[in-house]
Amino acid sequence: MKQILITGAAGFLGSHLCDRFIAEGYKVIAMDNLITGDLKNIEHLFRLEHFEFYHHDVTKFVHVPGDLHYILHFASPASPIDYLKIPIQTLKVGALGTHNLLGLAKEKKARILIASTSEVYGDPLVHPQNEDYFGNVNTISPRGVYDEAKRFQESITMAYHRFHGLETRIARIFNTYGPRMRLNDGRVIPAFMGQALRGEDLTVFGDGKQTRSFCYVDDQVEGIYRLLLSDYSLPVNIGNPGEISILEFAEEIISLTGTRQKIIFKPLPQDDPLQRQPDISKAKEVLGWEPKVGRQEGMKTTFEYFKSLSKEELDKREHRDFSKRNTY
């Protein structure tokens with residue numbers, strides 16, 4: 001039985017990856033420090049013989065006993081609310097955490113896939129974004145801690161690939177959604193759905209003309225799975241190219257939820273990307289992959305998940321109090 005280590009395993013995307021690799025017959029070693037993840041996302045796996053959980057911070061030395069065939073490095077704050085509150089931890093997990101896991105992969109002769117992001121493109125001057133575009137990122141903006149952590153992560157990964165001959169894969173992940181998203185994590189889908197369920201007006205930042213492209217989590221997991229098992233070592237965009245403006249999306253959510261809320265406008269945050277759409281030609285060519293789940297179907301499933309939350313969860317404004325943790 002092949003063993004895979006998944007970091008950030010108690011997070012939204014990490015937990016779905018745990019499910020997929022268990023289903024594929026792997027022994028899954030899950031690792032998370034729970035600074036933004038939640039054990040409820042993986043508690044259904046604890047009873048399984050081929051699932052282990054390590055409560056560990058990957059910015060510290062990482063050791064896993066026995067054979068290890070694959071590593072998926074998904075540990076990182078991923079929402080603006082989180083990485084603006086814990087900027088140093090965000091940089092550390094992208095730099096020190098990635099270094100530790102690359103070292104582990106080298107020791108174990110394991111293949112490692114790192115979770116990069118569309119944010120490496122910054123506020124793009126090329127549209128749609130393809131893997132050859134170098135990006136337009138403000139290194140010293142508040143958002144820069146996440147963007148630059150991921151850009152460094154890509155650089156050190158390619159250095160290990162070229163210098164040590166390590167088998168590496170890089171997934172540039174675009175906006176992904178689905179069940180287990182945190183309701184109040186600052187991203188547009190849970191924000192809109194939470195506001196609709198609480199009877200609040202929907203908040204649009206700027207004029208709402210900025211665009212996003214949303215990929216359903218099952219499609220994203222399939223793309224990551226194929227990339228890990230491919231022979232391709234350069235970055236690959238994995239996302240849904242179906243682009244929509246935030247204002248149009250707010251109207252879609254009002255229609256989906258059957259609510260009567262107004263749309264209100266607030267100032268656009270600094271360096272918030274105005275366009276986001278993946279060019280997935282490379283994924284189609286190399287992986288034979290493209291998304292299958294349409295936005296209407298995926299959003300309906302996601303809304304049903306949010307509707308199932310308790311009133312306490314629905315009304316919760318803060319996910320974590322980071323002030324009481326050593327995040328430096």
Side-chain angles (χ1 to χ4, degrees), residues 12-13 78-82 84 117-119 121-124 126-129 143 173-220 237-280 290-311 313-317 319:
F12 161 56
L13 195 45
S79 83
I81 281 183
D82 292 341
L84 293 176
T117 171
S118 61
E119 296 301 317
Y121 299 122
D123 188 6
V126 168
H127 193 72
Q129 296 82 58
R143 291 179 66 100
I173 296 169
F174 282 68
N175 296 72
T176 305
Y177 70 97
R180 300 182 197 156
M181 290 190 89
R182 263 177 35 213
L183 188 61
N184 296 303
D185 80 348
R187 286 180 276 197
V188 65
I189 291 173
F192 281 172
M193 290 191 175
Q195 288 172 332
L197 286 167
R198 290 190 294 262
E200 301 168 357
D201 293 333
L202 271 60
T203 303
V204 168
F205 294 98
D207 59 10
K209 292 180 182 176
Q210 66 270 35
T211 66
R212 294 294 182 268
S213 305
F214 301 114
C215 185
Y216 189 65
V217 65
D218 289 357
D219 284 332
Q220 184 65 239
N237 289 340
I238 303 181
N240 191 319
E243 187 182 25
I244 186 173
S245 77
I246 295 300
L247 185 55
E248 289 174 315
F249 184 60
E251 291 164 351
E252 272 192 12
I253 294 297
I254 289 172
S255 174
L256 168 68
T257 58
T259 51
R260 295 273 188 267
Q261 280 91 332
K262 295 181 300 184
I263 296 173
I264 59 174
F265 296 86
K266 291 189 176 180
L268 192 68
Q270 182 182 347
D271 297 313
D272 193 45
L274 298 181
Q275 291 180 307
R276 187 65 84 229
Q277 182 188 26
D279 179 335
I280 61 168
E290 61 183 315
K292 305 293 185 189
V293 180
R295 193 169 61 245
Q296 186 175 11
E297 177 189 351
M299 290 298 171
K300 184 176 180 182
T301 304
T302 305
F303 183 59
E304 290 302 315
Y305 166 76
F306 283 125
K307 276 172 62 178
S308 73
L309 297 178
S310 67
K311 187 176 187 306
E313 290 174 299
L314 197 60
D315 291 338
K316 190 188 296 181
R317 293 293 192 235
H319 174 67

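If you read the sequence from its start, that first residue is 1, and numbering goes on from there.
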Colleague: Does some side-chain heavy atom of Arg276 sit less than 4.5 Å from a side-chain heavy atom of Pro124?
Modeller: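 The answer is yes, as the side chains (C-beta and beyond) meet within the 4.5 Å cut-off.
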Colleague: So which heavy atom on Gln195 is nearest to which on Gln261, and how close?
Modeller: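 So the two residues come closest at O-NE2, 3.5 Å.
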Colleague: Is a side-chain donor or acceptor of Asp279 paired with a backbone partner of Pro128 at a separation under 3.5 angstrom?
Modeller: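 No: the side chain of Asp279 does not pair with the backbone of Pro128.
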Colleague: Just so I know, are the side chains of Phe249 and Met299 near enough to count as touching, which here means a heavy-atom distance under 4.5 Å?
Modeller: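 They are in contact (side-chain heavy atoms under 4.5 Å apart), so the answer is yes.
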Colleague: Just verifying a value: how many Å separate Phe192 CZ and Thr259 OG1, rounded to the nearest 0.5 Å?
Modeller: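 It is 11.5 Å, given to the nearest 0.5 Å.
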Colleague: What closest approach, in Å, do Thr301 and Pro179 show between heavy atoms, and which atom pair accounts for it?
Modeller: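 Answer, listing the atom of Thr301 first, then Pro179: CG2-CG, 4.3 Å.
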Colleague: If you count every heavy atom of other residues, nucleotides or ligands that lies below 6.0 Å from Glu304 atom CD, does the total exceed 12?
Modeller: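 Counting other residues, nucleotides and ligands, CD of Glu304 exceeds 12 neighbours.
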Colleague: Let me see the working for Phe303 and Ile253 under side chain to side chain contact (heavy atoms under 4.5 Å, CB included), right down to the final yes or no.
Modeller: CA-CA 9 Å; Phe303 183 59; Ile253 294 297; over 6 Å; no
Colleague: If I compare all heavy atoms of Val126 with all of Gln129, which pair ends up nearest, and what's the gap?
Modeller: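 Reported closest heavy-atom pair: O-NE2, 3.0 Å.
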Colleague: Given the rule in the side chain to side chain contact (heavy atoms under 4.5 Å, CB included) test, do Ile254 and Ile263 qualify, once you have shown the distances and angles that lead to the verdict?
Modeller: CA-CA 9 Å; Ile254 289 172; Ile263 296 173; 3.9 Å; yes
Colleague: Between CD of Glu119 and CD1 of Ile173, what distance do you get to the nearest 0.5 Å?
Modeller: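 Between Glu119 CD and Ile173 CD1, I get 12.0 Å after rounding to 0.5 Å.
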Colleague: State, yes or no, whether a side-chain contact exists between Leu256 and Met193 at a heavy-atom distance under 4.5 Å.
Modeller: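 Leu256 vs Met193: side chains touch.
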Colleague: Taking 4.0 angstrom as the limit, do Glu297 and Lys300 come out as a salt bridge?
Modeller: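 The answer is no: the pair does not qualify as a salt bridge.
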Colleague: How close do Gly178 and Tyr216 get, heavy atom to heavy atom, and via which atoms?
Modeller: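 Where Gly178 meets Tyr216 most closely, the heavy atoms are CA-CE1, 3.9 Å.
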Colleague: Between Arg143 and Asp123, is the salt bridge (Lys or Arg N to Asp or Glu O under 4.0 Å) condition met? List the steps.
Modeller: CA-CA 11 Å; Arg143 291 179 66 100; Asp123 188 6; over 6 Å; no
Colleague: Between atom OH of Tyr305 and atom OH of Tyr177, what is the distance when rounded to the nearest 0.5 Å?
Modeller: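 Going from the OH atom of Tyr305 to the OH atom of Tyr177 covers 15.5 Å.
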Colleague: Closest heavy-atom contact between Phe214 and Arg295?
Modeller: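 Closest approach of Phe214 to Arg295, heavy atoms only: CD1-CD, 4.2 Å.
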Colleague: Roughly how far, to the nearest 0.5 Å, is CD1 of Ile264 from OG1 of Thr203?
Modeller: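 Separation between the atoms: 4.0 Å.
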Colleague: Does the side chain of Thr211 come within less than 4.5 Å of Gln277's, by heavy atoms?
Modeller: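 Of all side-chain heavy-atom pairs linking Thr211 with Gln277, none is under 4.5 Å.
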Colleague: What I'd like to find out is whether the side chain of Leu274 reaches to under 4.5 Å of the side chain of Leu268, using heavy atoms alone.
Modeller: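 The answer is yes, as the side chains (C-beta and beyond) meet within the 4.5 Å cut-off.
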Colleague: Any non-hydrogen side-chain atom of Ile280 less than 4.5 Å from a side-chain atom of Ile238?
Modeller: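 They are not in side-chain contact.
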Colleague: Does any part of the side chain of Lys209, heavy atoms only, come nearer than 4.5 Å to the side chain of Ser245, both counted from C-beta?
Modeller: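 Of all side-chain heavy-atom pairs linking Lys209 with Ser245, none is under 4.5 Å.
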Colleague: Output, in order, the C-alpha distance, side-chain angles, deciding distance and verdict of side chain to side chain contact (heavy atoms under 4.5 Å, CB included) for Ile81 and Asp185.
Modeller: CA-CA 6 Å; Ile81 281 183; Asp185 80 348; 6.0 Å; no
Colleague: State, yes or no, whether a side-chain contact exists between Arg187 and Arg212 at a heavy-atom distance under 4.5 Å.
Modeller: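 Not touching, per the 4.5 Å side-chain cut-off.
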Colleague: Looking only at non-hydrogen atoms, find the nearest pair between Val188 and Ile246 and report the distance.
Modeller: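 Taking Val188 first and Ile246 second, the nearest heavy atoms are CG2-CD1, 4.2 Å.
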Colleague: Measure the CD1-CG distance between Ile189 and Leu183 for me, rounded to the nearest 0.5 Å.
Modeller: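 Result: 12.5 Å between the selected atoms.
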Colleague: How long is the straight-line distance from CG of Asn237 back to CZ of Phe174, given to the nearest 0.5 Å?
Modeller: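 That separation rounds to 4.0 Å.
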